[in-house]
Amino acid sequence: MSERPRYYLTTSIAYANNRPGLHTLYEVIGADAMARWHRMGGDDTRFLTGTDEYSVNIATTAAERGLAPKAFVDEMVALFRTADAALGIAPDRFIRTTDPDHQRAVHEVIRRCYANGDLYPGTYEGWYCPNEGFRAVSDLIEDAAGFHCPNHPHVTLQWLSEQNWFFRLSKYQAPLERHFAEHPDWVEPEYRRNEMLGFIRGGLEDFSASRQNATWGIPFPILPDGSSALRSDDTWDPAAGTVYVWFDALINYITGAGFPDDPAAFEQWWPADLHVIGKDINRLHTVMWPAMLMSAGIALPRKVWVHGHLTLQGEKMSKSRGYFLDPMDMVKSLGTDGTRYVALREVPFDRDADVTWDSFVRRYNADLANDYGNLLNRTLTMTGRYLDGARPEPTADGRLAAAWPAALTAYESAFGACLLHDALGALWEFVGAANRAVDAEQPWVLAKAAKAGDAAADTALRGVLGDLLEACRLIAFAAAPFMPTAAAEAAHQLGLEYAYGADGNGGPPLRDLLAWGAAPVGGKVGTPSPLFPRLETESVEP
RNA sequence: GGCGGAGUAGCUCAGUGGUAGAGCAGGGGACUCAUAAGCCCUUGGUCGGUGGUUCAAAUCCGCCCUCCGCUACCA
């Protein structure tokens with residue numbers, strides 16, 4: 001087993017009922033950048049993402065399209081995988097809840113919870129909207145005619161009851177409160193933690209862990225009398241019902257770590273260091289999931305990070321209503337790295353943000369084309385023209401050498417706090433410093449004097465260009481978790497080796513490369529070519 | 001309704017007692033290595049409203065207005 005520190009992080013699994021939008025993949029891009037940061041940093045890293053594929057809704061949607069549920073989700077999952085690839089997302093495993101090992105994991109968790117007395121047969125009753133399923137009374141509209149679903153006001157609601165297995169969440173109120181108290185930063189940002197703590201303190205009800213009549217789901221492995229639902233012909237008795245999606249979906253995180261098939265792997269990877277999730281599923285991850293794990297006797301994840309949502313022109317993204325950004329279209333216009341950058345720079349990772357296509361293009365042009373890409377381009381052009389491409393060494397006492405340590409510290413600190421937008425902001429402060437240094441030092445003036453025989457000017461010129469090349473190198477490598485392809489290309493143009501693989505593994509510990517002056521001595525720079533071509537707003541449409 | 005958060009320049013936000021800030025967008029300028037990019041300067045705000053505390057309030061307190069989050073069986 002490896003001696004390196006290990007790091008296991010996950011995204012939530014995407015509901016495979018439609019093709020993916022940027023609002024869904026935003027989280028995966030962020031987690032992928034984090035995974036790369038750890039891989040490049042030398043950690044033994046495992047990054048899990050995937051799809052949530054069961055549920056009554058998916059079975060219904062599949063039927064509407066005339067497909068078997070599995071054929072339908074296969075189609076959706078292919079779209080997710082294509083989009084992931086286009087965005088440069090490199091999971092160590094793409095998990096699907098329809099994977100066979102996930103069913104084994106779910107069954108094992110259920111057996112453990114049952115053995116612990118936390119699963120019992122009961123009856124669930126409530127208002128049922130044929131289009132949306134059971135609805136909380138607080139979500140319904142009440143008028144003289146009775147209750148109505150807010151989204152389907154003309155559909156008659158039914159009062160239904162069904163026989164379900166229940167999970168004894170009520171038993172875990174005190175243990176959860178204790179866990180929140182003893183691990184104050186286990187849910188972040190803090191306001192998200194407080195919301196859930198408030199929810200827990202308000203009292204917890206048991207929740208359904210199975211559905212009686214849903215067939216598209218993992219078979220529930222236990223019959224109401226406690227006997228196994230596995231029949232002699234090796235099939236599961238449908239009378240036991242299926243596992244409720246929200247009970248099975250969360251378990252993917254341990255399936256993906258090797259539970260229960262590979263105890264050695266599970267020992268290595270669990271507990272997860274980080275679950276990256278969206279605010280809409282906070283309760284599932286920070287109330288239900290830890291209770292399930294406690295019941296099954298499994299350690300709790302170390303941290304849950306709750307990011308915000310993207311809205312498009314003030315509207316919740318929704319494909320059917322036209323408020324939708326297709327990541328594939330973005331990649332077409334902004335490139336893989338451009339899309340990753342603007343998504344993570346323009347949307348604060350700790351709260352909601354409204355985005356527009358224009359805001360992305362503006363950000364791309366300002367930060368990538370104008371500031372960073374142009375910095376690299378002008379630096380390389382001057383090195384080629386004034387020094388015949390020979391790469392001079394950076395100085396130890398220039399203004400950029402002095403500015404770098406603080407920039408790196410701010411970058412790492414924001415990254416460690418999951419504030420990815422702030423990390424990029426800190427790095428781009430340094431990009432600005434490098435651009436200001438060009439104008440302050442005026443290498444073209446130095447070059448003219450050097451050509452006329454001024455030895456001091458020649459020394460100064462080499463120092464300035466050495467510093468600028470070093471700044472470009474540091475920016476490229478530091479930004480590599482966000483923009484891996486551009487980092488490799490920038491290194492190539494700088495005449496430097498880029499030893500990391502496509503997923504960020506391999507290569508030296510990134511921290512070693514991020515020291516001022518860590519560049520190899522000597523050599524020549526390559527041919528400059530615009531890294532991020534400038535976009536004209538008018539000619540680019542999503 | 002309850003609990004929590006927020007309202008500051010066109011946009012996104014920083015600023016917790018001492019004469020209003022940043023980035024982007026807009027305007028002007030000098031330069032020229034560069035992706036007509038970069039750099040310098042600059043327009044622009046009764047800091048949601050109102051009443052108080054204080055020598056002094058965006059900043060503290062009261063009330064009001066607006067917006068947002070959480071408030072369990074879609075996930």
Side-chain angles (χ1 to χ4, degrees), chain A residues 12-17 52 54-58 124-129 131-139 149 151 162 164 166-167 169 189-192 194-199 201-211 244-247 249-250 278-284 287-288 306 308-309 345-348 351-356 358-359 362-363 365-386 421 425 428-429 431-432 434-447 464-465 468 528-535:
Chain A
S12 60
I13 47 176
Y15 196 46
N17 67 335
D52 180 14
Y54 292 117
S55 84
V56 176
N57 286 344
I58 283 182
Y124 184 82
E125 297 189 305
W127 288 107
Y128 185 89
C129 169
N131 292 345
E132 295 200 22
F134 286 102
R135 302 286 310 210
V137 171
S138 58
D139 280 349
C149 171
N151 300 325
E162 65 174 47
N164 287 349
F166 279 80
F167 178 79
L169 185 65
E190 191 183 12
Y191 74 102
R192 294 294 177 198
N194 292 340
E195 285 174 357
M196 286 307 108
L197 194 51
F199 177 81
R201 286 179 175 150
L204 297 177
E205 297 169 14
D206 298 347
F207 65 88
S208 300
S210 76
R211 295 299 303 276
Y244 207 133
V245 252
W246 62 14
F247 196 92
L250 291 159
K279 64 178 186 179
D280 54 328
I281 49 176
N282 191 4
R283 196 177 65 233
L284 270 62
V287 181
M288 296 179 182
V306 187
H309 282 173
R345 180 73 184 98
E346 199 64 15
V347 184
R351 53 181 186 265
D352 291 355
D354 190 52
V355 298
T356 62
D358 278 355
S359 69
R362 264 209 306 274
R363 180 64 78 172
N365 278 337
D367 287 11
L368 296 182
N370 297 350
D371 287 348
Y372 171 43
N374 185 50
L375 172 69
L376 178 67
N377 199 245
R378 68 200 300 210
T379 300
L380 288 170
T381 301
M382 287 189 283
T383 306
R385 185 173 303 179
Y386 303 148
H421 60 294
W428 253 253
E429 292 268 327
V431 173
N435 273 316
R436 285 189 291 278
V438 177
D439 290 85
E441 308 287 354
Q442 304 190 30
W444 49 93
V445 173
L446 295 172
V464 169
L465 289 178
L468 288 171
S529 165
L531 201 53
F532 299 102
R534 190 178 163 81
L535 301 170

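Letters A, B, ... mirror the listed sequences (proteins, then strands); counts begin at 1.
As a whole-Å value, the separation of A:N365 CG from B:C11 P is 21 Å. Taking atom CE of A:M196 as the reference point, atom C1' of B:G5 lies 14 Å away to the nearest angstrom. Atom NZ in A:K279 sits about 12 Å away from atom C1' in B:G5, given to the nearest Å. Whole-Å rounding puts the A:Y54 OH to B:A75 C1' distance at 16 Å. We find that CD of A:E429 is positioned 16 Å from C1' of B:G38, with the value rounded to whole Å. Atom P of nucleotide B:G10 and atom CG of A:D358 are separated by 19 Å, given to the nearest angstrom. Distance CG (A:D280) to P (B:G69): 12 Å, rounded to an integer number of Å.
When heavy atoms are screened at a 4.0 angstrom cut-off, A:R211 is found touching no nucleic acid atom at all. In this structure, A:R201 reaches neither bases nor backbone, as no heavy-atom distance under 4.0 Å exists between it and the strands shown. Within the 4.0 angstrom heavy-atom criterion, no nucleotide atom of any strand lies near A:G126. Across all strands, A:Y124 comes closer than 4.0 Å to base atoms (heavy-atom distances). Using a 4.0 Å heavy-atom distance criterion, A:L376 is classed as making no nucleic acid contact. Residue contacts shown for A:F166 include a base, since a base heavy atom lies under 4.0 Å away. Within the 4.0 angstrom heavy-atom criterion, base atoms lie near A:P533. Heavy atoms of A:G203 sit under 4.0 angstrom from at least one base atom.
For B:C39, the paired base is B:G29 (Watson-Crick or G-U wobble, both distances below 3.5 Å). In a base pair of the Watson-Crick type (N1 to N3 plus N6-O4 or O6-N4) or a G-U wobble (N1-O2 and O6-N3), with each distance short of 3.5 Å, B:A22 is matched with B:U12. Across every strand in view, B:G1 sits in a pair with B:U71 that passes the Watson-Crick or G-U test at under 3.5 angstrom. Base pairing of B:U53 is not made with any nucleotide, judged by Watson-Crick or G-U wobble geometry with both donor-acceptor distances under 3.5 Å.
The same atom, P, is picked in B:G45 and in B:C11; the two are 13 Å apart, to the nearest Å. Between B:G44 and B:U54, the distance separating the two C1' atoms is 31 Å to the nearest Å. Rounded to whole Å, the separation between the P atoms of B:G38 and B:G27 comes to 14 Å. B:U12 and B:C68 are spaced 14 Å apart, taking the P atom of each and rounding to whole Å. Taking atom C1' on both B:A34 and B:A22, the two are 26 Å apart, rounded to the nearest angstrom. Taking atom P on both nucleotides, B:G21 is separated from B:U53 by 28 Å, rounded to a whole Å. Spacing between B:U66 and B:A75 at atom P, rounded to whole Å, works out to 35 Å. Spacing of P atoms, B:G4 relative to B:U43, comes out at 42 Å, to the nearest Å.
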Task: Per-nucleotide protein contact string for nucleotides 24-33 of chain B, where B marks a base within reach and S marks sugar-phosphate only (heavy atoms under 4.0 Å, - for neither) - done: SS-----SSB
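Here the side chain of A:L169 is nearest to one of B:A37, B:A72, B:A75, namely B:A72. Of the candidate nucleotides B:A37, B:C39, B:A75, B:A37 has the atom lying nearest to any side-chain atom of A:R534. The side chain of A:R192 has B:C70 as its nearest neighbour among B:C73, B:C70, B:C39. Comparing atom distances between the A:N374 side chain and each of B:C73, B:A72, B:A37 picks out B:A37 as nearest. The A:L204 side chain lies nearest to B:A72 when the options are B:A37, B:G69, B:A72. For A:E195, counting side-chain heavy atoms from C-beta on, the closest listed nucleotide (B:C70, B:C40, B:A72) is B:C70. Distance from the side chain of A:R283 is smallest for B:A72 among the nucleotides B:C13, B:A72, B:C39.
With sequence neighbours excluded, the residues satisfying side chain to side chain donor-acceptor pair (under 3.5 Å) with A:D352 are A:K279. Residues that satisfy the side chain to side chain donor-acceptor pair (under 3.5 Å) test with A:S12, not counting sequence neighbours, are A:E27. Remark: A:N435 engages A:R378 in a side chain to side chain donor-acceptor pair (under 3.5 Å) (not counting sequence neighbours). The side chain to side chain donor-acceptor pair (under 3.5 Å) test applied to A:S55 returns A:Y15, not counting sequence neighbours. Every residue meeting the ring pair (Phe, Tyr, Trp, His ring centres under 6.0 Å) condition with A:Y124, not counting sequence neighbours, appears here in chain and number order: A:F134.
Of the possible polar contacts, none joining the A:D206 side chain to the A:F166 backbone as a donor-acceptor pair under 3.5 Å is found. A side-chain donor-acceptor contact under 3.5 Å links A:T379 to the backbone of A:L375. Using a distance-only test at 3.5 Å, with no hydrogens or angles considered, no donor-acceptor pair links the side chain of A:R351 to the main chain of A:G308.
Between A:Y372 and A:R436, the residue anchored closer to the 5' end of RNA chain B is A:Y372, taking for each the nucleotide with the nearest heavy atom.
In this structure, A:F207 and A:F167 have tilted ring planes: the angle between them lies in the 30° to 60° band.
OP1 and OP2 of B:C73 both lie 4.0 Å or more from every side-chain N or O belonging to A:Y128.
Counting only heavy atoms from C-beta outward, the side chains of A:W428 and A:L368 approach each other to under 4.5 Å.
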